[in-house]
Amino acid sequence: MLRGLFRKIDELLMSRRGIDDELFEELEELLVRADVSIHTTTRLVEELREAARREKLRDAEGVRAYLRQELVNLLMEGHRPLTQPPTPPAVYLFVGVNGVGKTTSIAKLAHLLKRRRQKVLLAAADTFRAAAIDQLEVWGQRVGVDVIRQKEGSDPAAVVFDALQAARARRADVVLVDTAGRLHTKTNLMEELRKVHRVIERELGRPPDETLLVLDATTGQNAVSQARTFKDAVNVTGLVLAKLDGTAKGGNILTIQNELKIPILLVGTGEQLDAIEEFNPKQFVDALFAEE
Ligand SMILES: Nc1nc2c(ncn2[C@@H]2O[C@H](COP(=O)(O)OP(=O)(O)OP(=O)(O)O)[C@@H](O)[C@H]2O)c(=O)[nH]1
Ligand SMILES: [Mg+2]
């Protein structure tokens, strides 16, 4: 995943002996080309310049080590595991625009949790298309977990209500709620999401334990704007970065962390069931700089 995307930065730093303005300018350009926003790039490079002065870094190798540490620190801000509530079931609501990987991520997480001996239920609250309900059902069978569903066109909040009842009756540990992909700009759909959120809060006596915004890691700056609007609408508590095995440049992930302060909790690295991992900042930065 993302292997070697920051190699160019490494090459730049290793081809230089001394530290001068030109080095920092080139570094800035490379970060922007790797999809880091101007704002975040400026912060990173300013801190590097400052560190170079303060720590009296004398060569590019020193800058390189410092940059890596700086990136790890940035990604560690607010880093945490998935919330485990004191009383089950844990309820994780998945939201995001069309096609980012919500349903697949739910299936993969269900698989992961099941292997950790948790009893998982899936709620098919994407009632928009019959195919979406069937898709979740197929994943449920493959993973070996129950899917709570109603017919196409029914109220997503009613499906969630059913799922929470079922979770209680069956003593489930976790409920994963699938929702329809929606453009963050469509107000009626965002209102529907708020309703789902309210039903969970009422039935559970607390908000969803996580409201996870799934982002397609290959979409660059657009992912940042999606994160902004969803955060305003439904209090997103964490991010799932899907498709990190694709052509993601990685920089947008740094931007999201720096500018939105929403922790990345999970990353998706493929279409197979086991292609999901808890986010590990150090490993992520190592991968960015790894040799291909
Ligand atoms: N390579 C790769 N493909 C992925 C990953 N996650 C999801 N996909 C693919 O992305 C496509 C969309 O995935 P879905 O899980 O259906 O996305 P969704 O967000 O539920 O889509 P809608 O319900 O239509 O909004 C599918 O072809 C998935 O196989 C991933 O981590 N890596
Ligand atoms: Mg889906």
Side-chain angles (χ1 to χ4, degrees), residues 1-3 5 92-113 120-143 145 147-157 159-160 163 175-186 188-190 192-193 196 210-220 222-223 225-227 229-230 233-234 236 238-250 252-253 256 264-280 283-284 287:
M1 91 187 186
L2 296 169
R3 289 191 83 74
L5 280 163
Y92 302 150
L93 175 65
F94 285 69
V95 302
V97 305
N98 299 84
V100 286
K102 293 178 292 301
T103 307
T104 314
S105 299
I106 285 173
K108 291 192 280 188
L109 181 60
H111 181 67
L112 180 78
L113 294 174
V120 183
L121 272 190
L122 307 184
D126 176 359
T127 58
F128 235 59
R129 300 168 294 125
I133 304 172
D134 293 340
Q135 183 196 5
L136 194 69
E137 184 81 49
V138 169
W139 277 121
Q141 280 164 12
R142 210 174 292 169
V143 178
V145 299
V147 178
I148 306 303
R149 54 183 291 178
Q150 290 185 9
K151 61 178 189 314
E152 182 187 356
S154 51
D155 182 357
V159 177
V160 170
V175 179
L176 305 179
V177 181
D178 193 19
T179 64
R182 65 198 71 223
L183 270 180
H184 42 307
T185 47
K186 283 271 167 67
N188 56 331
L189 290 177
M190 292 310 261
E192 180 186 275
L193 214 48
V196 167
E210 299 286 358
T211 299
L212 298 172
L213 175 65
V214 183
L215 294 173
D216 177 338
T218 64
T219 54
N222 193 22
S225 83
Q226 284 166 29
T229 4
F230 270 93
V234 285
V236 174
L239 300 177
V240 179
L241 288 178
K243 313 190 193 184
L244 264 189
D245 53 314
T247 57
K249 288 193 193 163
N252 57 330
I253 291 146
I256 287 168
I264 300 163
L265 302 184
L266 298 165
V267 296
T269 53
E271 296 180 278
Q272 332 77 273
L273 270 181
D274 60 359
I276 195 162
E277 290 165 29
E278 278 154 314
F279 182 59
N280 178 331
Q283 206 182 326
F284 181 83

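Every value quoted in this text rests on a predicted model; they were computed, and no experiment measured them. Note that ligands are numbered from 1 as they come in the structure, with each ligand's atoms numbered from 1 the same way.
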Within the distance-only criterion (no hydrogens, no angle test), does the side chain of Thr269 pair as donor or acceptor with the backbone N or O of Asp245 below 3.5 angstrom? no
Work out whether the distance between some heavy atom of Gly96 and some atom of ligand 1 is less than 4.0 Å. no
Logged contact type for Thr103 with ligand 1, heavy-atom cut-off 4.0 Å, is both
Do me a favour and list the nearest non-hydrogen protein atom to atom 29 (O) of ligand 1 with residue, atom name and distance? Glu271 OE2, 2.5 Å
Which protein N, O or S atoms lie under 2.8 Å from the Mg ion (ligand 2), given by chain and residue number? Thr103 OG1
Among residues two or more places apart or on two chains, list those pairs meeting side-chain hydrogen bond (donor to acceptor under 3.5 Å, both in side chains) that have a residue in residues 99-111. Thr103-Asp178
Contact with ligand 1 for Ala132, non-hydrogen, under 4.0 angstrom: no
Asp178, any N or O under 3.5 Å of ligand 1 N or O: no
Should Val100 be counted as touching ligand 1, given the test is an N or O pair under 3.5 Å? yes
Logged contact type for Lys108 with ligand 1, heavy-atom cut-off 4.0 Å, is side chain
Which segment of Arg129 sits under 4.0 Å of ligand 1 when only heavy atoms are counted: side chain
For atom 31 (O) of ligand 1, the option (of Lys243, Arg182, Gln135) bearing the nearest heavy atom: Lys243
Does Arg149 use its side chain to pair, donor to acceptor, with the backbone of Ile133 at less than 3.5 Å? no
